[in-house]
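When reading the values below, keep in mind they use all heavy atoms of this one structure, side chains included, and skip hydrogens, waters and symmetry mates.
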Amino acid sequence: MRQISRLYTPNQQCYGVQYAPNNNTIIACVTCDKFGLSGAASLCFIKHSENTFLESKFSIIDSYKFGSSLFDLDWSHSDPHLLVTANGDGSIAIWKWPTDPHSYERKPLHISKQHSREVYSAKWEPIG
């Protein structure tokens, strides 16, 4: 029987998880403090590796902090380094996750605040 691995995000709850479109070993995950009611959030990047036939492993390889809840995410299919997040402060944010995580400032590339309430879902672009 195959062993199912778990990854815990201490003191934060996970709201959205998605594999990178061109890399089935990288997963992005958005998390929130206090069940998304208030507090900070994180955009985490997780490496999924298969150690053996019976075991897989998850490990957080990078994360970005955000001052408001993050509820959803979607990878761009035209640029595999870009993501969009739906945020609790009524904004959406565009993030870049490079190969070298220390090569630029650790904040969104762009934030657009067009809503007066929380944004719970985001889609980058329709496929097909």
Side-chain angles (χ1 to χ4, degrees):
M1 178 185 292
R2 185 173 176 90
Q3 175 69 34
I4 297 175
S5 295
R6 294 184 181 130
L7 178 71
Y8 294 99
T9 53
N11 301 321
Q12 291 193 328
Q13 295 74 43
C14 180
Y15 277 85
V17 177
Q18 195 176 86
Y19 274 95
N22 298 328
N23 186 340
N24 65 357
T25 66
I26 300 295
I27 303 167
C29 171
V30 290
T31 65
C32 303
D33 287 344
K34 302 175 185 152
F35 300 97
L37 298 174
S38 65
S42 297
L43 171 60
C44 301
F45 295 93
I46 301 161
K47 176 83 172 168
H48 175 219
S49 59
E50 307 238 356
N51 294 340
T52 67
F53 178 69
L54 297 176
E55 180 180 272
S56 64
K57 179 181 175 186
F58 295 102
S59 55
I60 296 175
I61 55 174
D62 203 0
S63 67
Y64 302 147
K65 300 291 183 197
F66 194 70
S68 178
S69 300
L70 298 173
F71 293 117
D72 193 21
L73 72 133
D74 193 36
W75 289 90
S76 168
H77 288 270
S78 59
D79 184 339
H81 298 285
L82 296 179
L83 302 107
V84 64
T85 57
N87 310 326
D89 64 358
S91 69
I92 60 167
I94 297 173
W95 304 78
K96 182 175 183 179
W97 187 65
T99 305
D100 176 8
H102 305 291
S103 65
Y104 74 103
E105 292 185 48
R106 300 177 68 70
K107 62 182 184 179
L109 291 176
H110 179 74
I111 297 175
S112 177
K113 186 157 177 150
Q114 300 292 321
H115 303 278
S116 60
R117 303 279 321 240
E118 298 86 353
V119 179
Y120 289 108
S121 183
K123 274 291 181 207
W124 188 268
E125 59 207 19
I127 301 172

Open item on the list: Using 30° and 60° as the class boundaries, would you call the ring planes of Phe45 and Trp97 parallel, tilted or perpendicular?
Closed with: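 Phe45 vs Trp97 ring planes: parallel.
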- [ ] Classify the ring geometry between Tyr15 and Phe71 as parallel (under 30°), tilted (30 to 60°) or perpendicular (over 60°).
- [x]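 Plane angle over 60°, so perpendicular.
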Open item on the list: Among residues at least two apart in sequence or on other chains, which ones pass side chain to side chain donor-acceptor pair (under 3.5 Å) with Asn22?
Closed with: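 So Asn22 forms no side chain to side chain donor-acceptor pair (under 3.5 Å) with any residue.
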So does [Y] get a backbone contact from the side chain of [X], meaning a donor-acceptor N/O pair under 3.5 Å?
X     : Y      : value
Asp89 : Ser91  : yes
Asp74 : Trp124 : yes
Asp33 : Ala40  : yes

If you measure from [atom1] on [X] to [atom2] on [Y], what distance do you get to the nearest 0.5 Å?
X     : Y      : atom1 : atom2 : value
Asp72 : Ser121 : CG    : OG    : 4.5 Å
Phe58 : Ser49  : CZ    : OG    : 8.5 Å
Ile92 : Leu73  : CD1   : CG    : 13.0 Å
Ile60 : Thr31  : CD1   : OG1   : 8.0 Å

Open item on the list: Apply side chain to side chain contact (heavy atoms under 4.5 Å, CB included) to residues Leu109 and Leu82 and explain how you reach the verdict.
Closed with: CA-CA 9 Å; Leu109 291 176; Leu82 296 179; 3.7 Å; yes
Task: Evaluation steps, side chain to side chain contact (heavy atoms under 4.5 Å, CB included), between Ile26 and Lys47 - done: CA-CA 5 Å; Ile26 300 295; Lys47 176 83 172 168; 4.0 Å; yes
What heavy-atom pair brings [X] and [Y] nearest, and what distance separates the two atoms?
X     : Y     : result
Val17 : Ile27 : CG1-CG2, 3.3 Å
Leu83 : Ala28 : CD2-CB, 3.7 Å
Asn23 : Tyr19 : O-CD2, 4.5 Å
Cys14 : Cys29 : SG-SG, 3.0 Å
Lys65 : Ser42 : NZ-OG, 3.2 Å

TODO: Check whether any side-chain heavy atom of Thr85 lies under 4.5 Å from a side-chain heavy atom of Trp95, and answer yes or no.
DONE: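 A side-chain contact under 4.5 Å exists here.
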TODO: Decide yes or no for Pro108 and Phe66: does some side-chain heavy atom of the first lie under 4.5 Å from some side-chain heavy atom of the second?
DONE: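 They are in contact (side-chain heavy atoms under 4.5 Å apart), so the answer is yes.
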TODO: Test side chain to side chain contact (heavy atoms under 4.5 Å, CB included) on Trp75 and Gln18 and set out the steps.
DONE: CA-CA 8 Å; Trp75 289 90; Gln18 195 176 86; 3.1 Å; yes
